[in-house]
Amino acid sequence: MHKEFLMGNAAIALGAVAAGVNVVAGYPGTPSTEVLETIAKHRPDDVYVEWSVNEKAAMELAAGASYAGARSMVTMKQVGLNVASDPLMSLEYVGIKGGMVILVADDPGPISSQTEQDTRHFSRFSKLPCFDPSSAQEAYEMIQEAFEYSEKYGTPVFLRPTTRVCHGYASIMVKDETEYTHHQPEGFIKDSKRWVIFPRLSFMNHKKIEARNQELSDIFSSYEKNTIHPSCDAFKNSKKGIATGGISYTYTMETLKKTGMVKTLKIATPHPFPEKLAVDFLSGLDEVLCLEELDPVIERELIYICGKYHLPTRISGKLSGHTACAGENTRDTITTYINTFLGLTSHVTTDFPEPPALPVRPPVLCAGCPHRASFYAVKKAMKGKKTVFCGDIGCYTLGNALPLDMVDTCLCMGAGLNIAQGIEKVEPDTTCFAFVGDSTFFASAITGVVNAVYNQANMILIVLDNSTTAMTGHQPHPGTGRTVMGEIVQKINIEQVLRGIGVTDVKTVNPLDLNSSVACVREMADKTGVKAIIFKSPCIAITKPEFSLHIDAEKCIGCKKCIRELGCPAIVLDNGNVCIDDTMCTGCGLCSQVCPAAAIIGGKKHE
């Protein structure tokens, strides 16, 4: 063993490698992304890693590997589990052979997600065991234990870290390479009675699953990471206790170090719930405060147990209104909850001078982002016409902000295509656009195009192809021609895919050529049926700009059209005069094509 300073996601990755994982698949999504990337970086030669086209594909690939006896892992964020839920729900009834861990990183807040979701509910819904780490060290250890439990009981298991566990750093103890488990897959053994799901098989296995989960509830009551901390002398006679889990447990323990320890139940396996341990904890307590994120999972379980065993303990938390029902917990909020619960005076902080107000910095498209040019071209071409712009999940969601104001709807990945079709069926006189990125096109938009062609929709698909998965950290996808393991592979051509599906009107254009882009949009808007425009220009974060632009003060007429219509963060006002910040400008040239006075010209060359 040795000590390393690691991000939580890196700890999970190294834990999986130490556990002898053979196959890893996933789809990028904050806060889970670094797990797969770290495994790809540190994998032994016999470990296979891939970014799958979406979470469903990743889940099914990992299941197949497990059928063949491999230890497999699939990674995603909480909303990705929605995509993977179809195979997941059936997989539990079929079971697995090699250990299979489903890593789902939840994002309370939400910090970088379209929804707040609690995977502990999915665990109960799918009848799968769930491990809920409270720190990077525990996550490292838990994923190794999760593989063991998965293999022993023939079931996939969840590992559910949250954002602060995933992205927090800590010095943790990790195994030396000589201590790693080396798992040798047995291979796939044909057995249709086991691997082919039929109603009879599901019925028989359902009964086994319920019996297994009851057994796991008892076993988890003795699991070393489910613990009861006794009260200190200061609270020895207290009839109050705290129940917690995940990162909230870490915050709780930090607070109790200062207030004094009260009887505390730590839940590391929210499903199957360690019922016997909970009964032991509740005995003799009058009141328990539940501290957890995101939903009242522990709280509901304790309320149920109190009813089942006729315990008089009052359970408080989210359901009772004693803690917030939404958003993530913080050290400060946990401290406030505990102080209020224990009747303690809140810690008084030292008075400091009032800090200056922070500048307002709403998220914007990067300077030089080709998506800005794409949106602007469509907006200019469709000015004065009845239109709806259906957006999607990605950097380009930021096109909703002024002055572009080009995202009228955004639901989930790939949904914009079908939403546009739905609106057009109700309002046939509206020109409906659907915007989607190149990575999302492969992940979840192709079926929407098939639906549009088959059902004779009248719409325009805009594919914003910037040659990367930009929002989650520039991961490769099928259109980039390389894999996460560094292999060079054949690029999948989006235009060819569209034509193969049956879209006959497809054009590819550089969005930074404003006149050509506007003309292309107008041409497509005049046609009926399903049309597609691929705006192709690389993400500015993966290309090196050659020079920045600057404004010729003698030519500038002060109209501020470049600011009012584009919203590029590199174009600023200095004492009322329009200027270009050459440290941000990438020389994309869009503003120079918008300027009515031709006042924006080439400037400083980047080193």
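Donor-acceptor pairing under 3.5 Å is lacking for the side chains of Gln137 and Ser135. A donor-acceptor contact under 3.5 angstrom links the side chains of Ser113 and Lys77, judged on distance only. When only modelled atom types and interatomic distance are considered, Thr440 and Asp392 share no side-chain donor-acceptor pair under 3.5 Å. With 3.5 Å as the limit, one finds a donor-acceptor pair spanning the side chains of Gln475 and Thr472. At a cut-off of 3.5 Å, with distance as the only test, no side-chain donor of Glu292 or Tyr249 sits close to an acceptor on the other residue. Defined by atom type and a distance below 3.5 Å, a donor-acceptor pair is present between the side-chain atoms of His167 and Glu34. Between the side chains of Glu275 and Tyr309, at least one donor-acceptor pair of N or O atoms lies under 3.5 Å.
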What do the steps show when you test Glu37 against Lys41 for salt bridge (Lys or Arg N to Asp or Glu O under 4.0 Å), and what is the final call?
-> CA-CA 6 Å; Glu37 290 179 331; Lys41 183 178 180 181; over 6 Å; no
Passes salt bridge (Lys or Arg N to Asp or Glu O under 4.0 Å), Lys127 versus Glu210? Steps please.
-> CA-CA 8 Å; Lys127 306 182 187 300; Glu210 296 297 342; 2.9 Å; yes
Ile305 vs Ile303, side chain to side chain contact (heavy atoms under 4.5 Å, CB included): CA-CA, chis, key distance, verdict | CA-CA 5 Å; Ile305 290 170; Ile303 291 171; over 6 Å; no
Take Gln78 and Glu116 through the test side chain to side chain contact (heavy atoms under 4.5 Å, CB included) and record every step on the way to the result.
-> CA-CA 8 Å; Gln78 83 280 8; Glu116 288 191 298; over 6 Å; no
Carefully, step by step, assess Arg164 and Thr250 under the rule side chain to side chain contact (heavy atoms under 4.5 Å, CB included).
-> CA-CA 10 Å; Arg164 302 305 174 183; Thr250 301; over 6 Å; no
Test salt bridge (Lys or Arg N to Asp or Glu O under 4.0 Å) on Glu60 and Lys56 and set out the steps.
-> CA-CA 6 Å; Glu60 292 160 350; Lys56 180 179 185 292; 2.6 Å; yes
Could you walk me through whether Lys225 and Glu138 pass the salt bridge (Lys or Arg N to Asp or Glu O under 4.0 Å) check?
-> CA-CA 8 Å; Lys225 291 180 173 59; Glu138 194 165 76; 5.5 Å; no
Under the side chain to side chain contact (heavy atoms under 4.5 Å, CB included) rule, what do Phe147 and Val157 come out as? Steps first, then yes or no, please.
-> CA-CA 8 Å; Phe147 276 111; Val157 301; over 6 Å; no
Validation: residues 12-30 side-chain donor-acceptor distances under 3.5 Å, sequence neighbours left out:
| residue | atom | partner | partner atom | Å |
| --- | --- | --- | --- | --- |
| Asn22 | OD1 | Arg71 | N | 2.8 |
| Asn22 | ND2 | His183 | O | 3.0 |
| Tyr27 | OH | Ser439 | OG | 3.1 |

Between side-chain atoms of residues 87-103 and protein atoms elsewhere (two or more places apart, or another chain), which donor-acceptor pairs fall under 3.5 Å?
| residue | atom | partner | partner atom | Å |
| --- | --- | --- | --- | --- |
| Glu92 | OE1 | Thr155 | OG1 | 2.8 |
| Glu92 | OE2 | Arg212 | NH1 | 3.0 |
| Glu92 | OE2 | Arg212 | NH2 | 2.6 |
| Lys97 | NZ | Glu186 | OE1 | 3.2 |
| Lys97 | NZ | Gly187 | O | 2.7 |

Please report, to 0.1 Å, the donor-acceptor pairs under 3.5 Å made by any side chain of residues 443-455, with sequence neighbours excluded.
| residue | atom | partner | partner atom | Å |
| --- | --- | --- | --- | --- |
| Ser444 | OG | Met413 | O | 3.1 |
| Ser444 | OG | Gly414 | N | 3.4 |
| Asn451 | OD1 | Asn455 | ND2 | 3.1 |
| Asn451 | ND2 | Gln421 | OE1 | 2.9 |
| Asn455 | ND2 | Asn451 | O | 3.2 |

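Leu289 contributes atom CG, which lies 9.0 Å from atom OG1 of Thr244 (distance to the nearest 0.5 angstrom). The CD1 atom of Ile209 lies 12.0 Å from the CE atom of Met204; values are rounded to the nearest 0.5 Å. To the nearest 0.5 Å, atom SG of residue Cys390 and atom CG of residue Leu461 are 11.0 Å apart. Rounded to the nearest 0.5 angstrom, Ile298 CD1 and Asp132 CG are separated by 7.5 Å. If you take CG on Asp107 and OG on Ser112, they are separated by 4.0 Å, rounding to the nearest 0.5 Å.
Side-chain contact between Tyr180 and Pro44 is absent, with no heavy atoms from C-beta onward closer than 4.5 Å. Proximity of Thr269 to Cys130: side-chain heavy atoms (C-beta onward) are nowhere separated by under 4.5 Å. Between Leu201 and Val196, the closest side-chain pair of non-hydrogen atoms is not below 4.5 Å. Side-chain contact check for Thr264 versus Phe281: every heavy-atom pair is 4.5 Å or farther apart. At least one side-chain heavy atom of Ile534 sits less than 4.5 Å from a side-chain heavy atom of Leu498.
Using a 30° and 60° split on the angle between ring planes, Phe442 and His477 fall in the tilted class, from 30° to 60°. Under the 30°/60° scheme for interplanar angles, the aromatic rings of Tyr149 and Phe131 are found to be tilted.
Side-chain atoms of Arg43 come within 3.5 Å of backbone atoms of Val47 as a donor-acceptor pair (strictly under, hydrogens ignored).
For residues 38-71, the set of pairs meeting the ring-ring contact (aromatic ring centres under 6.0 Å, His included) definition, not counting sequence neighbours, comprises Tyr67-Trp195.
Closest approach of Ala11 to Ala136, counting heavy atoms only: CB-O, 3.7 Å. Across every non-hydrogen atom of Cys306 and Leu282, the tightest pair is SG-CD1, 3.9 Å. Here the shortest heavy-atom pairing between Pro108 and Thr163 reads CD-OG1, 4.1 Å. The shortest heavy-atom contact between Ala65 and Ser72 is CB-CB, 4.1 Å. Summarising the geometry of Leu291 relative to Thr252, their closest heavy-atom pair is CD1-OG1, 3.5 Å, with the distance given to 0.1 Å. The two atoms that bring Ser221 and Leu277 nearest to each other are OG-N, 3.2 Å, heavy atoms only.
For Asp118, the side-chain contact (heavy atoms from CB on, under 4.5 Å) partners two or more places apart in sequence, or in a different chain, are Asp106, Arg120, His121, Arg160, Leu294, Asp295, Val297. Annotation: salt bridge (charged side-chain N to carboxylate O under 4.0 Å, His left out) contacts of Lys491 (sequence neighbours excluded): none.
The environment of Arg314 atom CZ is sparse: at most 12 non-hydrogen atoms of other residues, nucleotides or ligands sit within 6.0 angstrom. Other residues, nucleotides and ligands place no more than 12 heavy atoms under 6.0 Å from the CD atom of Gln490. The environment of Arg194 atom CZ is dense: over 12 non-hydrogen atoms of other residues, nucleotides or ligands sit within 6.0 angstrom. Within 6.0 Å of atom NZ in Lys175, more than 12 heavy atoms from other residues, nucleotides or ligands are found, so the atom counts as buried in its surroundings.
If you look at Phe273 and Tyr304, their ring centroids are not closer than 6.0 Å. Here the two rings, on Phe435 and Tyr396, have centers that are 6.0 Å apart or farther.
With respect to Cys290, the side chain to side chain contact (heavy atoms under 4.5 Å, CB included) criterion is satisfied by exactly one of Thr323, Ile315, Ile242: Ile315.
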